[in-house]
Amino acid sequence: MNTRQSAGTAEATRTTYREALREGLREALRQDDRVFLMGEDVGRYGGCFGVSLGLLEEFGPDRIRDTPLSESAFVGAGIGAALGGMRPVVEIMTVNFSLLALDQIMNNAATLLHMSGGQLNVPIVIRMTTGAGRQLAAQHSHSLEGWYAHIPGIRVLTPATLDDARHMLAAALADPDPVLLFEHGSLYNAEGVLDGTIDAVGLDSASVRRPGTDVSVITYGGSLPKALAAAETLAEDGISAEVVDLRSLRPLDDATVLESVARTHRAVIVDEGWRSGSISAEVMARITEQSFYELDAPLRRVCSQEVPMPYARQLEEAALPQPASIVAAARKAVA
Amino acid sequence: MNTRQSAGTAEATRTTYREALREGLREALRQDDRVFLMGEDVGRYGGCFGVSLGLLEEFGPDRIRDTPLSESAFVGAGIGAALGGMRPVVEIMTVNFSLLALDQIMNNAATLLHMSGGQLNVPIVIRMTTGAGRQLAAQHSHSLEGWYAHIPGIRVLTPATLDDARHMLAAALADPDPVLLFEHGSLYNAEGVLDGTIDAVGLDSASVRRPGTDVSVITYGGSLPKALAAAETLAEDGISAEVVDLRSLRPLDDATVLESVARTHRAVIVDEGWRSGSISAEVMARITEQSFYELDAPLRRVCSQEVPMPYARQLEEAALPQPASIVAAARKAVA
Amino acid sequence: MSTTTKRASGPKRAGGSRRPSGPPADEPRPGRDHRLEVLRQMLLIRRFEERCVELYSAAEIRGFVHLYIGEEAVAVGVGQALREEDAVVSTYREHGHALARGVPSDAVMAEMFGKVTGCSRGRGGSMHLFDAERRFYGGNAIVAGGLPLAAGLALADRMRGTERVTCCFFGDGAYAEGEFHETANLAALWQLPLLLVCENNLYAMGTSLAREHAQTNLAMRAASYGMPAWTVDGMDVTAVEAVARRAADSVRSGGGPHFLEARTYRFRAHSMYDPDRYRSKDEIARWKARDPLVELEQRMRAEGILDDPATKRLEEDVTSEIDAAVRSAGAAPYEPVADLLRFVTSTTGSTR
Amino acid sequence: MSTTTKRASGPKRAGGSRRPSGPPADEPRPGRDHRLEVLRQMLLIRRFEERCVELYSAAEIRGFVHLYIGEEAVAVGVGQALREEDAVVSTYREHGHALARGVPSDAVMAEMFGKVTGCSRGRGGSMHLFDAERRFYGGNAIVAGGLPLAAGLALADRMRGTERVTCCFFGDGAYAEGEFHETANLAALWQLPLLLVCENNLYAMGTSLAREHAQTNLAMRAASYGMPAWTVDGMDVTAVEAVARRAADSVRSGGGPHFLEARTYRFRAHSMYDPDRYRSKDEIARWKARDPLVELEQRMRAEGILDDPATKRLEEDVTSEIDAAVRSAGAAPYEPVADLLRFVTSTTGSTR
Ligand SMILES: Cc1ncc(C[n+]2csc(CCOP(=O)(O)OP(=O)(O)O)c2C)c(N)n1
Ligand SMILES: Cc1ncc(C[n+]2csc(CCOP(=O)(O)OP(=O)(O)O)c2C)c(N)n1
Ligand SMILES: [Mg+2]
Ligand SMILES: [Mg+2]
C-alpha cells in the first residue's frame with residue numbers, strides 16, 4: 001500500500017517540492033518532541049537549499065540545530081542520539097559530502113542492530129541533496145543513492161513527487177531503522193498540486209505513475225519527470241510506455257517491477273547514477289533472474305555517462321539521461 | 001594480453017600470496033626511487049598482515065612510512081604526493097576503514113584529472129585487504145571492491161593468483177591514474193608455484209582460469225579458489241564449467257566474459273559482495289545487454305547474504321559464497 | 001559503587017613520563033569493601049583474559065582478540081565513577097570495560113565462543129560486546145568510530161534534561177583520527193555531558209606515541225578545545241577513580257565535557273597475531289613492575305585490609321566465576337543458520 | 001615578487017577582535033613598484049569579481065560562485081611570499097588565489113563561461129580552477145578536502161629534497177573538519193614544508209565562528225599541534241605579506257609547517273544564492289569601513305606613492321584586462337560533446 005487516504009474532505013493545495021518537504025518536517029517536529037533537525041546551516045541560514053527556512057523561528061535552536069562542518073561527527077551524533085531515544089533528522093548538504101560520514105553510516109548506523117544481536121536499532125533519518133542539472137560540477141552533482149542501496153541495514157528513499165516529498169519523512173521516522181532520504185536538487189522548485197486526500201505514504205512499494213502496455217520505463221527520483229516526458233513523446237508515436245517509480249531503492253519492490261514487465265515484456269531502466277554498478281544493473285539482474293522467460297527483447301538502461309560531472313552546460317546535459325535518450329532506448333526496445 | 005613471458009629461462013618458485021605481494025613491492029621500490037609505501041604500521045610492525053615485513057630494514061623509514069591513524073589525511077597525502085611527482089603506494093589496513101578516506105578517493109583521486117581538464121593525473125596505488133572468512137565480524141570483513149568499481153576515474157584490481165599478486169603492482173604503478181588494489185584476506189597464506197616465465201601482467205583483461213563448455217562461472221578475488229573447487233566437483237558429475245577470473249572490476253573486460261558465454265550459453269556469477277547492487281549485477285547487465293540471444297537459461301549469481309558479517313563461524317560460513325552453493329547454482333543453470 | 005570513606009593518595013608518576021596534571025585528589029579514602037570490590041573487578045578482568053588466551057590457543061575463540069591486561073585500573077577506576085543510568089561507549093579492546101560495567105562474564109565469554117547466549121548473540125565476537133540494558137554501547141572496532149556516537153548519546157541526555165553521563169573510552173591512536181577532533185569540538189561547543197577517557201598506552205598497534213603525534217601532551221591539546229582536561233596515572237586505580245569521580249561529577253552537574261588521559265600500558269601484544277617486535281623487553285619489564293593489580297594489593301596489604309586468605313578467596317571466587325562462564329559458554333547452542341538474516345532490520349520481511 | 005625596500009608597519013588590530021599575535025614585522029618597507037603591483041592585483045581581483053556578478057545576472061556564468069571581495073589582502077599578501085616553484089592549494093572561493101598566483105584572467109573568465117579555453121577546459125567552473133604550469137592545484141569544493149592533498153605535495157618536496165613551499169588556503173569552517181586535524185598533525189609530525197593559511201572570515205556560510213568552534217582562538221589551537229602559529233590582520237595587505245614572508249622563509253629553510261590565521265571578512269554573501277540573513281547590516285558596514293583596497297590606497301597616498309592619475313591608470317589597466325578576458329571568453333568555443341568522456345582516465349580506450 002503506497003498511500004493512506006484521509007477520512008475527511010481535504011482540498012488540493014498548490015505547493016513546491018521544497019515546501020512539501022518543509023511541511024513534512026514541520027509536522028514531524030510538532031507531533032513528536034523527540035524529533036529534531038540537525039546539520040550544517042539548517043537553522044539561521046534556513047538550509048542550504050532553503051528547505052528548513054522558518055523552522056528555527058518556530059522550534060528554536062535546540063531542535064533546529066546548526067552544526068559545525070563535521071559530517072562524520074554530526075552524523076555519528078545523530079546515530080548516538082537515536083540510540084539515546086531521540087528521533088534525529090540529520091541533513092547533509094549534498095551527497096558528495098556524505099562520503100565524509102560514510103564510516104558512520106555503514107559501520108555504525110547500518111550495522112549496530114546486527115552486531116549487537118538485535119539490541120540496538122537506530123531510528124535516524126538522514127536527508128541529503130543528490131543529483132545534477134545545475135552546473136555544480138564534479139564535487140556537488142553526483143547521484144549516489146543507487147550506490148548507497150548496496151548497504152544492508154538501511155532504507156534508501158527517493159521521493160520524486162510532491163506527495164512523497166510531503167509524507168515520506170513521517171514514514172521514515174516511524175521506521176525503527178536508519179533511513180536515507182535523497183532529495184534531487186532539480187526537484188526543489190517543482191510546483192504542483194498536493195493530493196489533499198493522502199495523509200500517509202508507505203515505503204515498501206514502487207508505484208506505477210503512468211500505465212502503459214508496450215514497454216516499462218523504470219526509474220526514480222530526479223529522472224521521473226524525464227521519464228514521464230519521454231512517455232508523452234512515445235505516446236505521440238503510438239508507443240504506450242508504462243512508467244514505474246521505484247520510490248525506494250532499498251528494499252527494492254521487485255513485485256511491482258516484475259508485474260509491469262509481465263505486462264509489457266520489455267523494459268528500459270532510467271537512472272542518473274553512473275552506468276557501471278548502478279542500481280539499474282540491479283533492476284536488470286532481478287528481472288533476468290526472475291522473469292527471464294517474460295522478456296521479448298534485451299533490457300536496456302539509460303544512465304549517466306561515466307564521468308565526473310562537468311561544469312559546462314552542454315557537457316553536463318550530455319552526461320545525463322534526457323527525455324530524448326529515454327525515447328530512443330524505448331524505441332529500440334520495442335523495435 | 002595478460003602476461004609477458006621473460007626472455008631468459010626462469011625457474012618456478014614456491015611462494016605465498018603474501019610473499020608474492022612483498023616481492024612486487026620490493027621490486028618496485030628498487031626500480032624507481034619515486035615509489036614509497038605509506039600507511040598504518042607498514043614499517044616497524046611489518047604491515048598488519050605482514051605483507052611489508054622487512055621492507056623498513058631494506059628501504060628505511062622515509063620510503064616505508066608509518067602513518068598515524070588518519071586514513072583521510074594519509075590517503076589524501078598520497079594523492080598530493082602523486083601530484084608532486086612521487087609514486088606512492090598507500091596501504092589501508094582493511095576495506096572497512098577505507099570509508100574514512102572515501103572523500104579523498106572519490107572527490108579527489110578519481111576526479112582531479114577530469115575537473116582540471118586533463119592537467120592533473122594522479123598516479124597513486126592504494127592497496128587494502130578485503131573480504132571475510134576469518135571471523136573478524138562486521139567491521140573488518142566486507143567486500144567492497146565491487147562497490148568501488150562504480151567510480152569512474154579509477155582502476156579496481158583484484159589479484160587472485162600468485163602471479164597477479166606478484167606482478168599487478170608493477171602494472172598499477174605504470175598506470176598514470178589511481179589504482180585500487182584489493183587483497184583478499186583469506187589468500188595471504190595461499191601457497192603455490194610462481195610461474196617464473198612471467199615477468200609482467202596486463203590490467204585490461206579477464207582470464208579464463210579453467211576452460212569448460214557447459215557453464216561459465218565468472219568470479220574474482222577470494223572467490224576464485226572456491227569457483228575452481230566447485231568446477232572440480234561439477235566435473236565429477238560430468239558438467240564442464242569454465243571459470244573466468246575478472247581480475248579487474250573496473251574497467252570490466254566484457255569481451256572475455258561474452259566470449260565465454262557465447263561458448264557455454266549459461267553463466268553463474270560468483271561474488272563475495274552483498275547481492276543487491278553488486279558487481280555481479282553489473283556483469284549480468286552487460287551479458288543481458290549484449291548477449292541476450294546467446295543465453296539458454298536465466299543468469300544466476302552466488303553472492304554474500306545481505307547481512308553485516310557475523311562473527312560466529314556457522315553464520316559467517318552461511319553468509320558467504322561456498323563451493324557447494326556455486327555447484328548448486330551451476331547445476332540449476334545447466335538443468 | 002560503594003561509598004568512599006578514607007583519603008585517596010594523589011595520582012602518582014606514570015612510568016617514565018611527565019608528572020600527571022590531574023587535580024589534587026582530596027576525596028575520602030575508600031573503605032575496605034570498596035577496595036575489595038575494585039580489586040575483585042581488576043582480578044576478574046585479568047583472569048578472564050588469561051583464560052581467553054588459553055581458549056584462543058584451543059581454538060574455542062577466534063577472530064581478533066585484543067587484551068586489556070595491564071590497563072585494568074582504567075576501566076575499573078572510571079567504572080566506579082559511573083552510575084547505573086550512565087552510558088559507556090568502548091572500543092575493540094573492551095573486555096575490561098564490559099566486565100567493569102557489569103556485563104555478566106558468562107555473556108561475554110559466550111560471545112567469544114560465538115554462542116547464541118553471548119551478549120551479542122555471537123554475532124559480534126570479542127570486538128563487539130553490547131549490553132543495551134546496562135547501557136554498554138559496544139564494542140566499536142573502527143578506531144575513533146565510537147566518539148561521535150558517544151557525543152550523540154550525551155546530546156540525547158542533554159536535550160531531555162537528564163543528569164546522565166556518557167563515558168567514551170578510546171586510545172592514543174584514536175586521538176589522531178579526524179573523528180576525535182570533530183567530536184571534541186562538538187562536545188565542547190554544545191557542552192555535552194560527555195566524559196572522554198583516552199587510554200594512552202603509548203602505542204597504536206606498533207606505532208609509538210611520538211610517531212603518531214607531533215605533540216604528545218594529549219591532555220594539553222584536548223584543553224585547547226575548551227574543556228577541562230587532566231592526566232592521571234593509569235596504573236593507580238585509586239588515582240583513576242578519584243579523578244574520574246571529580247570529572248564525572250562535574251560533567252553531571254552541567255560542567256560540559258571533560259577529558260581524562262590515563263597513562264597506561266598493555267602488557268601483552270596488540271592482538272593475538274602480533275609478534276610485538278616494536279617494543280623493547282626492557283620497556284615492557286619496566287611497566288610490568290608497575291602492575292596495577294600488584295600495586296593495589298600491596299597498598300591494601302600495607303593498609304591492613306588484605307591478607308593471604310582474603311587474596312586466596314578472591315582468586316577462588318574469580319576463578320570459579322570464569323570456570324562457570326566457560327562451562328556455560330561451551331554448553332550453549334550456536335544460533336541456527338536459518339536465522340542468519342535476522343537483525344539486519346528490525347522489521348521482518350524484505351530487506352533488500 | 002619585487003624586492004622590499006622600506007619598513008612595513010606591524011599587523012594592525014583586526015576589526016572588533018583581539019590583538020593579533022604575529023611576530024614583529026621588521027621587514028623593510030616595500031618600494032613603490034612593489035606596492036603598485038600589490039594594489040593592482042587586489043584591484044584586479046575586486047573588479048574581476050564585480051564583473052562576475054554582472055555576468056552571473058546575465059546568465060553567462062552559472063553554477064555556484066563564491067566571491068572573495070573584502071578578502072583580497074590575504075591572497076595577494078600571501079602570494080607575494082611565494083615563489084614560482086611553490087605550490088598553492090585552494091578552495092571553491094579561489095578566484096583571488098588563482099589571480100594572485102598569476103593564472104591569466106582570461107583563462108579564469110573562460111572557465112566561468114564553461115569554454116574550452118578555460119583554465120580547466122570548462123569542466124571545472126568557478127569552484128575548480130586549475131593551472132598545473134603555475135602549480136595552482138585547485139579549486140577544491142569539499143571543505144577541508146585540499147588540506148591532505150597539500151600535505152602530500154609538501155611531502156613530495158620533502159622527500160625529493162627541494163626547497164619548495166606548498167601553501168594551502170582554507171576557511172574557519174574547514175578548521176572544524178577532521179581533515180584539518182589529521183593534516184595538521186601529519187604535517188607537524190613529518191615537519192612538512194607546508195604553509196597553512198586559515199582565512200578566518202568569521203563565518204562558515206551562515207554559521208558564525210562562535211557557533212562553529214567552542215574555542216575560537218584558532219591560532220592558539222593550531223599551535224597545540226606543535227607548529228608556529230600566528231594571527232594577522234587580514235585586511236592589511238602589508239601586514240599579511242610581512243607575516244607570510246616570515247612564515248614562508250621559515251618553512252623553506254626547514255622549519256616545518258607554519259599556520260597563519262588571517263582575520264578577514266567577506267563583504268558579499270556566501271554565494272550567489274545566499275540572501276545573507278545571518279549577518280547584521282552594522283557588522284558588515286563596520287568591516288567594509290576597513291576595506292583592504294581603500295586602506296592600501298590611503299596608505300600609499302599618505303606615503304606619496306599614489307595619486308589620482310596613477311589610480312586612474314590602474315583602474316583602466318585592470319578594466320581593459322577584464323574586458324579583454326570577457327571578450328575572449330565570449331568568443332571562445334565550447335568543448336564538443338563528443339569529447340565528453342575525455343579526461344576520465346589518462347589513457348584512451350575502455351574506462352568502465
Ligand atoms: C579506522 C581504523 N583504522 C585502523 C584500524 C586498525 N587498528 C585497530 S586497533 C589499532 C590501533 C589503535 O590504537 P589506540 O587507539 O592507541 O588503541 P589501543 O589499541 O592502543 O588500545 C589499529 C591501527 C582500525 N580498526 N580502524
Ligand atoms: C565537506 C563539505 N561540507 C559542506 C560544504 C558546503 N559548504 C560550502 S562552503 C561552506 C562554508 C565553509 O566555510 P569556511 O571554511 O569558513 O570558508 P568560507 O566559505 O568562509 O571562505 C559550506 C558549509 C562543502 N562544500 N563541503
Ligand atoms: Mg594505544
Ligand atoms: Mg569562513
Side-chain angles (χ1 to χ4, degrees), chain B residues 39-50 53-54 56-57 61 65-74 76 93-94 96-101 103 132-141 274-278 303-320, chain C residues 61-64 92 111-116 118 120-128 139-145 171-180 203-208 211-214 270-271 273-279 334-344 351-352:
Chain B
E40 290 157 12
D41 288 310
V42 295
R44 295 192 75 174
Y45 193 95
C48 61
F49 295 107
L53 199 67
L56 174 68
E57 290 68 23
R65 187 170 281 267
D66 281 327
T67 66
L69 275 140
S70 309
E71 282 78 5
S72 196
F74 71 74
M93 287 186 171
T94 295
N96 280 70
F97 317 155
S98 75
L99 302 180
L100 289 161
D103 164 53
R134 293 158 298 146
Q135 289 190 256
L136 302 184
Q139 293 182 334
H140 281 69
S141 299
W274 290 308
R275 184 181 183 94
S276 294
S278 56
C303 299
S304 277
Q305 297 287 326
E306 303 196 32
V307 58
M309 200 54 64
Y311 162 71
R313 182 197 301 269
Q314 81 283 4
L315 296 178
E316 186 184 44
E317 277 174 4
L320 294 170
Chain C
I61 300 177
R62 297 281 75 189
F64 282 162
Y92 44 88
E111 187 58 33
M112 317 254 270
F113 275 63
K115 297 300 181 76
V116 71
S120 309
R121 294 182 73 93
R123 297 192 180 230
S126 162
M127 299 195 287
H128 304 299
N140 201 307
I142 305 296
V143 171
D172 48 293
Y175 194 114
E177 292 277 7
E179 289 188 323
F180 168 74
Y203 288 86
M205 272 183 76
T207 306
S208 65
R211 291 187 303 119
E212 303 172 65
H213 294 282
H270 169 73
S271 73
Y273 291 112
D274 171 12
D276 208 342
R277 276 183 284 257
Y278 45 83
R279 306 191 297 184
Y334 289 105
E335 189 156 25
V337 162
D339 283 350
L340 174 64
L341 294 184
R342 281 184 72 184
F343 313 125
V344 179
T351 57
R352 46 191 187 100

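A note on names: the letters A, B, ... follow the listed sequences, proteins ahead of strands, and every chain is numbered from 1.
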Given B/Gly46, B/Ser70, B/Ala319, the one with more heavy-atom pairs under 4.5 angstrom with chain C than any other is B/Ser70

Looking at B/Thr94, B/Leu136, B/Thr67, which makes the most heavy-atom pairs under 4.5 Å with chain C?
->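 Result: the option with the highest number of such pairs is B/Leu136.
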
Top of C/Gly63, C/Ser120, C/Ser208, C/Gly178 for chain B proximity - count of heavy-atom pairs under 4.5 angstrom | C/Gly63

Which of the residues C/Glu179, C/Met205, C/Glu212, C/His213 is involved in the greatest number of heavy-atom pairs with chain B at under 4.5 angstrom?
-> C/Met205

Of all heavy-atom pairs between B/His140 and B/Phe97, which one has the smallest distance, and what is that distance?
->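 Looking at all heavy atoms of both residues, the closest pair is NE2-CZ, 3.3 Å.
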
Note: C/Val344 and B/Val307 closest approach over all heavy atoms is CG2-CG2, 3.6 Å

Residue [X] versus chain C: region with a heavy atom under 4.5 Å:
| X | answer |
| --- | --- |
| B/Leu100 | side chain |
| B/Ala138 | backbone |
| B/Leu53 | side chain |
| B/Ser72 | neither |

Side chain, backbone, both or neither: which part of [X] has a non-hydrogen atom closer than 4.5 Å to chain B?
| X | answer |
| --- | --- |
| C/Ala144 | neither |
| C/Asp339 | neither |
| C/Asp276 | neither |
| C/Met127 | side chain |
| C/Arg62 | both |

Which word best sums up how the rings of C/His270 and B/Tyr45 line up, parallel for under 30°, tilted for 30 to 60°, or perpendicular for over 60°?
->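 Answer is perpendicular, since the angle exceeds 60°.
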
According to the interplanar angle, ranging from 0 to 90°, do the rings of C/Tyr278 and C/Tyr203 count as parallel (below 30°), tilted (30 to 60°) or perpendicular (above 60°)?
->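 Correct class here is tilted.
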
Could you tell me whether C/Lys115 and C/Glu335 make a salt bridge, using a distance below 4.0 angstrom between a side-chain N and a carboxylate O?
-> no

What about C/Phe64 and C/Tyr273, are their ring centers closer than 6.0 Å?
->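 Centroid separation for C/Phe64 and C/Tyr273: below 6.0 Å.
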
C/His128 ring center within less than 6.0 Å of C/Tyr92 ring center =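 Not under 6.0 Å, so no.
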
Neighbour count >12 (heavy atoms, 6.0 Å) for atom CZ, C/Arg279 |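 Enclosed.
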
Would a distance-only check, ignoring hydrogens and angles, find a side-chain to backbone donor-acceptor pair under 3.5 Å from B/Glu316 to B/Pro310?
->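 Such a contact is absent between B/Glu316 side chain and B/Pro310 backbone.
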
